[in-house]
Amino acid sequence: MKLKFISSVLASLCFWLNTTAQTQTDVAATDRENVQETYLQLQDSVKPSNTNRFLIDGVAGVIGDYVILDSDIKKQQSQVELQQGNLKLSKCELIESLIREKMYAHHAIQDSINVSDAEVRSRTNDMLRFFRQRLGSDEEIVKYYNRESMDAVIAELNKLNRDGLLANRMQQRLTEQVEITPEEVRQFFYNIPEDERPLFNTEVEFSQIIVKPQPAEEDVKDVISKLNRYRDDVINNGGNFAAKAALYSDDTGTERQGGILSLTRKDPFVAEFKEVAFSTPEGEVSEPFETQFGWHIVYVEKIRGDYRDVRHILLRPFISTTQVNKAREELDKMRDKLIIGDITFEDAAKEISDEEETSKNGGILTNPSTGDKRFDLTKIDPSLSAQLQFLEEGDVSGIIDEKDDLGRVFFKILKVNKRIEDHKANYTLDFLKIKDLALQKKRVDKIREWQEEKLQDTYIKIGDQFKECDFVVDWTK
């Protein structure tokens, strides 16, 4: 059902959020020296002077001091496809998202908004980790970007990420003071005609217990012994740590590069790994230590200010069929106790669940997108949705076999604590969702007001090849 009243709000919100997501990962820019002709006499353009400005072949648009090239648009589409599969965006959508980002970045600079080099490097490192997983190696990344070296790729990504962070910081400044009162939420809701109020999908609140097979003690000792032998060979015999990582490490994301990683304390590595990486002196190799991924040793290759360049070897202990069966039997026995009422699901989760994030609160999951306990069945992983779809309130599922991102088997059971079927928006039942819609509309309105104001004194020129585009914003008025 298409709702007349609210459709424009949702459309604006979705476009704004999608544009932000696209521009945060924009890797489309090309060095200006690659263009055969240059954009001449470029100066600050908040109040354009008599300086002559004109578009040349290869230039798709100009926003303040930013030039968007035709090749930028092609690269942005490639980047979207790399990150989001077969998603196709039109040239009009791509150029508008670039215009929007560069406008934010331009005025961020005018307003003296800064981003640190550390923030830029951190985002670039995150992107490189993602690209290594998708493309396989640094050589493939260099080829993908059509650059002569990895240093050239990093320089390009640093520039683009700085622009993206500036744009994000500008939007945050515009909306950080936007708040909404309960009365504004009420007015927003009751201003929607009753027959046009949105429909909300089925939602569930649920808990889970996860049991993971554990390696036998002798298999753990075997892994530690191997790591100690590798360490001893490097320290006492001059063995090559990078070569050992390439030969023996179970970390498929870094083995081809000899186990190399660059990180700061703010990077999203597990705490145990960062603790060892930042406590081991340069040039030394750590003792074996354990994380959720397995057992490691770390060689600190270089310390660069806040950064550590380290190499690591990861080994995962062998988990036998016997250990797998033992884990399943443990969960099966606990499920029997739940069914006959000998124990509550909450107490069972605290007793045996191996998922640290939920075991302490009785297995209850919190939706990271909303902060509450409800999950929209249409917006979660399809396999999880299928497991929950036919469970009624109070039902406990059968044992579910799954694999984690590393291919390791684990077992779980689910319990539906509350189920809310498809329904038309209800002010009391759906207050948090309605509040979020009202707040997002207010933020979008704030950004639109700012945009309208800045369009009057920002130099913007878009190439003739886009004159037929039906842009969301009239950028050249």
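Note that the structure is predicted; figures quoted are calculated from it, not measured.
Considering only heavy atoms from C-beta on, F410 stays 4.5 Å or farther from R328 through its side chain. The side-chain heavy atoms of F466 and I73, taken from C-beta on, include a pair separated by under 4.5 Å. In this structure, the side chains of M170 and D111 come closer than 4.5 Å at one or more pairs of heavy atoms. Residues N201 and L377 form no side-chain contact, since every pair of their non-hydrogen atoms from C-beta on lies 4.5 Å or further apart. Proximity of T366 to E357: side-chain heavy atoms (C-beta onward) are nowhere separated by under 4.5 Å. In this structure the side chain of V62 never reaches within 4.5 angstrom of the side chain of I462, judged on heavy atoms. Within the 4.5 Å cutoff, no side-chain heavy atoms of Q214 are placed close to those of I319. I63 has its side chain out of reach of Y459: every pair of non-hydrogen atoms, C-beta onward, lies at least 4.5 Å apart.
Electrostatic pairing of R129 and D126 counts as a salt bridge here, judged by a charged N lying under 4.0 Å from a carboxylate O. Between R265 and D306 there is no salt bridge, since no side-chain N of the basic residue sits under 4.0 Å from a carboxylate O of the acidic one. K360 has no carboxylate O lying under 4.0 Å from a charged side-chain N of E356, or vice versa, which leaves the two without a salt bridge. Under 4.0 Å is where a charged nitrogen must lie from a carboxylate oxygen, and between E282 and K302 no such pair does. Using a 4.0 Å cut-off between charged nitrogen and carboxylate oxygen, E449 and K446 do not count as a salt-bridge pair.
Annotation for T458 and G64: closest pair CG2-N, 4.4 Å, computed over non-hydrogen atoms. Contact detail for R121 and N158: the closest heavy-atom pair is CA-OD1, 4.3 Å. Here the shortest heavy-atom pairing between R374 and K433 reads NH1-NZ, 3.5 Å. In plain terms, the two heavy atoms of L388 and V204 that are nearest each other are CD1-CG2, 3.9 Å. Here the closest non-hydrogen pair linking F411 and V324 is CE1-O, 3.5 Å. Nearest heavy-atom pair, P317 versus V223, reported as atom, atom and distance to 0.1 Å: CA-CG2, 3.6 Å.
Counting non-hydrogen atoms of other residues, nucleotides and ligands closer than 6.0 Å to CD of Q389 gives a total above 12. Summarising the local packing, NZ of K274 is surrounded by more than 12 heavy atoms from other residues, nucleotides or ligands at distances under 6.0 Å. Shown here is K91, whose NZ atom has no more than 12 heavy atoms of other residues, nucleotides or ligands within 6.0 Å. With a 6.0 Å radius and a threshold of 12 heavy atoms from other residues, nucleotides or ligands, E176 has its CD atom above the threshold.
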Taking it one step at a time, do D267 and S122 satisfy side-chain hydrogen bond (donor to acceptor under 3.5 Å, both in side chains)?
-> CA-CA 7 Å; D267 286 336; S122 178; 3.0 Å; yes
Just do the side-chain hydrogen bond (donor to acceptor under 3.5 Å, both in side chains) check on T370 and D372 with the steps written out, would you?
-> CA-CA 5 Å; T370 62; D372 63 18; 2.6 Å; yes
side-chain hydrogen bond (donor to acceptor under 3.5 Å, both in side chains) between Q387 and E402: does it pass, once the steps are laid out?
-> CA-CA 12 Å; Q387 293 160 5; E402 290 197 354; 3.0 Å; yes
Take R162 and D117 through the side chain to side chain contact (heavy atoms under 4.5 Å, CB included) test and state the conclusion after the steps.
-> CA-CA 8 Å; R162 187 176 297 279; D117 291 343; 2.6 Å; yes
Could you go step by step and tell me if H106 and D65 meet the side-chain hydrogen bond (donor to acceptor under 3.5 Å, both in side chains) rule?
-> CA-CA 7 Å; H106 172 76; D65 286 345; 4.8 Å; no
Under the side chain to side chain contact (heavy atoms under 4.5 Å, CB included) rule, what do E96 and R100 come out as? Steps first, then yes or no, please.
-> CA-CA 6 Å; E96 186 161 35; R100 191 183 304 272; 3.9 Å; yes
After noting the C-alpha distance and the side-chain angles of E140 and K143, does the key distance pass the salt bridge (charged side-chain N to carboxylate O under 4.0 Å, His left out) rule?
-> CA-CA 5 Å; E140 290 299 318; K143 187 185 301 182; 3.5 Å; yes
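Remark: D233 engages N237, K244 in a side-chain hydrogen bond (donor to acceptor under 3.5 Å, both in side chains) (not counting sequence neighbours). Looking at residues two or more places apart in sequence or on another chain, you find no ring pair (Phe, Tyr, Trp, His ring centres under 6.0 Å) involving F278. For K326, there are no salt bridge (charged side-chain N to carboxylate O under 4.0 Å, His left out) partners, not counting sequence neighbours. Remark: E301 engages R311 in a salt bridge (charged side-chain N to carboxylate O under 4.0 Å, His left out) (not counting sequence neighbours). Residues satisfying the ring pair (Phe, Tyr, Trp, His ring centres under 6.0 Å) criterion with F375, sequence neighbours excluded, are F206. For R229, there are no salt bridge (charged side-chain N to carboxylate O under 4.0 Å, His left out) partners two or more places apart in sequence or in a different chain. When the ring pair (Phe, Tyr, Trp, His ring centres under 6.0 Å) test is applied to W295, no partner is found at least two apart in sequence or on another chain. Applying the ring pair (Phe, Tyr, Trp, His ring centres under 6.0 Å) criterion to Y230, with sequence neighbours excluded, gives Y248. For N236, the side-chain hydrogen bond (donor to acceptor under 3.5 Å, both in side chains) test picks out D232, with sequence neighbours left out. Legend: residues meeting side-chain hydrogen bond (donor to acceptor under 3.5 Å, both in side chains) with Q323, ordered by chain and number and at least two apart, are absent.
To the nearest 0.5 Å, atom NZ of residue K454 and atom CD of residue Q110 are 8.5 Å apart. Here CD of E468 is found 9.0 Å from SG of C92. Values are rounded to the nearest 0.5 Å. In this structure, N367 CG and E203 CD are separated by 8.5 Å, a value rounded to the nearest 0.5 Å. If you take CZ on R408 and NZ on K212, they are separated by 7.0 Å, rounding to the nearest 0.5 Å. The line from CG of D401 to NZ of K412 is 11.0 Å long, rounded to the nearest 0.5 Å. Note that the CG atom of D404 and the CZ atom of F293 stand 9.0 Å from one another [nearest 0.5 Å].
S225 and D222 are not linked by any side-chain donor-acceptor pair at a separation below 3.5 angstrom, with hydrogens and angles left out of the test. Counting only N and O atoms by type, the side chains of E119 and N161 include no donor and acceptor under 3.5 Å apart.
For F273 and H296, the distance between ring centers is under 6.0 angstrom.
Applying the disulfide (SG to SG under 2.5 Å) test to residues at least two apart or on different chains, none of the pairs has a partner in residues 217-321. Residues in residues 155-176 take part in no ring-ring contact (aromatic ring centres under 6.0 Å, His included) pair, two or more places apart or across chains.
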